J.: 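What follows is a structure written as structure tokens; I'll ask about it next.
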Number of protein chains: 2
Amino acid sequence: MPKQVDHESRRRQIAEAVCQLADESGLEGVTLRDVAARAEVSMGAVQRCFGTKEEMLVFALGHVGEQVAGRLSARLTASPAQSARTALGHAASEVSLVQEERRAEARVWLAFAAQAAVSPSLAEILRSNYADLHKVFAQLITEGCDTPDPERAARTLLALADGLTTHVLIGHLSPTAALGVLDGHLNQLWNERAS
Amino acid sequence: MPKQVDHESRRRQIAEAVCQLADESGLEGVTLRDVAARAEVSMGAVQRCFGTKEEMLVFALGHVGEQVAGRLSARLTASPAQSARTALGHAASEVSLVQEERRAEARVWLAFAAQAAVSPSLAEILRSNYADLHKVFAQLITEGCDTPDPERAARTLLALADGLTTHVLIGHLSPTAALGVLDGHLNQLWNERAS
DNA sequence: ACCGTTCCGATGCGCCCGTATCGGTTCGGC
DNA sequence: GCCGAACCGATACGGGCGCATCGGAACGGT
């Protein structure tokens with residue numbers, strides 16, 4: 001076997017380029033040529049890593065999903081002693097990517113979400129990501145507060161986080177306002193049965 | 001002046017075609033040729049109505065915004081005698097386009113939202129639409145329940161509705177589950193201070 | 001040392017995009 | 001009745017796209 005190259009790391013490198021471009025000009029600004037240029041590899045290399053453009057996008061979406069999930073679990077395990085309330089607050093603000101430094105990831109997420117509405121393979125990845133996030137949220141809610149339907153509370157929180165992401169991206173809400181909404185919702189959730 | 005044609009109605013006809021195509025294959029499946037074919041006019045007619053493709057998209061987005069707003073106010077004025085609670089429920093379920101027959105509009109909305117993240121002129125339209133919806137929600141909430149911060153409650157509800165739309169489109173939630181989330185949230189909102 | 005396999009970058013191909021252009025047609029004004 | 005302005009459909013054009021191809025470079029096995 002001649003010339004070995006670490007395919008996996010190259011794929012990640014390309015996925016990173018995809019995300020940068022999707023952040024700058026949307027998913028339709030992601031062309032094989034531009035991706036290759038941004039990743040500083042040749043176009044042929046991109047084609048060898050991914051047989052088709054769709055494959056590349058699927059991998060990139062999985063990549064960002066892993067990043068978000070990784071940051072989330074890192075944040076949860078990093079300081080486990082805190083209350084479930086603050087843990088959930090951190091988790092939710094992590095998932096809704098309202099912080100300035102996550103704006104790029106938010107744009108990438110929105111672009112992929114739109115594409116997923118007409119591309120089953122992308123939708124599949126997104127569904128699996130959402131299922132994971134739902135489990136985490138539901139677990140935290142079950143542990144931390146005695147709301148009657150933790151599953152529904154988790155669905156609510158996840159949808160709220162995504163809606164806030166969208167509204168911040170569009171400019172309808174400021175990041176501060178979004179965080180305020182999130183915090184208020186969590187407070188309401190905590191006081192629900194503890195009147 | 002020779003040959004008069006109703007520009008405005010033709011623009012609406014074209015906007016309708018844009019929505020149909022965006023529903024079927026996303027915004028990037030919207031090409032001038034396909035739009036012209038779907039609207040059953042020539043490509044030249046499309047070009048005369050809209051100087052550029054972006055103009056056409058902006059108009060189409062405004063068009064769907066008007067439709068949603070129109071349906072919303074129609075539903076609110078149609079049966080004004082009902083309680084503010086049910087009025088808000090109807091409004092929210094109307095805005096979150098979870099019903100099967102609104103699926104097309106939902107896909108169109110998501111496609112435009114993603115594009116708006118990188119296109120200021122589209123973002124402008126969306127912001128104005130959201131501002132209107134926010135006013136309606138805030139008004140209903142102020143009238144109907146005595147939550148301490150109606151503005152924030154309105155922001156929460158609007159973001160939640162959008163997030164649910166997205167999740168239903170992707171297939172993470174069923175329309176029924178989404179409606180359940182919405183209803184549960186409104187109940188929580190109503191019981192907040194009425195313990 | 002050399003050989004076959006694997007990787008590489010460049011180039012070509014066919015297609016479709018948005019836009020510009022243009023001759024023909026239709027009609028109101030005089 | 002004709003004339004010019006407004007409209008129409010078709011076609012031309014330059015460019016960028018995704019994908020396929022190919023000669024050569026790089027390297028491990030024997």
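Keep in mind the model is a prediction, meaning the values are calculated, not measured.
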J.: Under a 4.0 Å threshold between the charged nitrogen and the carboxylate oxygen, would A/Arg107 count as salt-bridged to A/Glu24?
T.: no
J.: Can you tell me the distance, in whole Å, between the CD atom of A/Glu8 and the P atom of C/dC7?
T.: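 About 14 Å, once rounded to whole Å.
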J.: Can you tell me the distance, in whole Å, between the CD atom of B/Glu28 and the P atom of C/dC16?
T.: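 These atoms are roughly 16 Å apart.
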J.: Would you indicate what B/Val46 reaches in the nucleic acid, counting non-hydrogen atoms under 4.0 angstrom: base, sugar-phosphate, or nothing?
T.: nothing
J.: If you compare all heavy atoms of A/Leu179 against all heavy atoms of A/Ser93, which two are closest, and at what distance to 0.1 Å?
T.: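 Of all heavy-atom pairs spanning A/Leu179 and A/Ser93, the closest is CD2-CB, 3.8 Å.
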J.: Reading DNA chain D from 5' onward, which residue's closest nucleotide shows up sooner: A/Asp34 or A/Gly51?
T.: A/Asp34
J.: A/Ala45 or B/Leu32: which one's nearest nucleotide on DNA chain C is closer to the 5' end?
T.: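 Upstream on the strand: A/Ala45.
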J.: Which sits closer to the 5' end of DNA chain C, B/Gly44 or A/Gly44, going by the nucleotide each is nearest to?
T.: A/Gly44
J.: Which nucleotide in the set D/dC8, C/dG9, C/dT19 lies at the smallest distance from any side-chain heavy atom of A/Arg48?
T.: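 Looking only at side-chain atoms, A/Arg48 lies closest to C/dG9.
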J.: Where is the tightest heavy-atom contact between B/Leu126 and B/Ala116, given as atom of each residue plus distance?
T.: CD1-CB, 3.7 Å
J.: Less than 3.5 Å between a donor and an acceptor, one on the side chain of A/Arg33 and one on the base of D/dG16, is that the case here?
T.: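 Side chain to base: no pair present.
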J.: In plain terms, say whether B/Glu105 and B/Arg71 are close enough for a salt bridge, that is, a side-chain N and a carboxylate O under 4.0 Å apart.
T.: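 Judged by the 4.0 Å cut-off on N to carboxylate O distance, B/Glu105 and B/Arg71 do form a salt bridge.
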J.: Tell me: CZ of B/Arg11 to C1' of D/dC7, nearest whole Å?
T.: 16 Å
J.: Does B/Val35 reach a base, just sugar-phosphate, or nothing at all? Heavy atoms under 4.0 Å.
T.: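 Counting heavy atoms under 4.0 Å across all strands, no contact is made by B/Val35.
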J.: Between A/Ile14 (CD1) and D/dG18 (P), how many Å, whole number?
T.: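 Those two atoms, CD1 and P, are 14 Å apart.
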J.: When you look at B/Asp149 and B/Arg155, which way does the salt bridge (charged side-chain N to carboxylate O under 4.0 Å, His left out) test go after all the steps?
T.: CA-CA 10 Å; B/Asp149 193 342; B/Arg155 285 195 287 268; 5.0 Å; no
J.: I want to confirm an ordering. Mapping A/Gln47 and A/Thr31 to their closest nucleotides on DNA chain D, which one lands closer to the 5' end?
T.: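 Its nucleotide being nearer the 5' end, the pick is A/Thr31.
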J.: Taking CE from A/Met43 and C1' from D/dT21, how many angstroms apart are they, rounded to a whole number?
T.: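 Nearest whole value for this atom pair: 12 Å.
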J.: For B/Met56 and C/dT19, give me the distance from atom CE to atom C1', rounded to whole Å.
T.: 13 Å
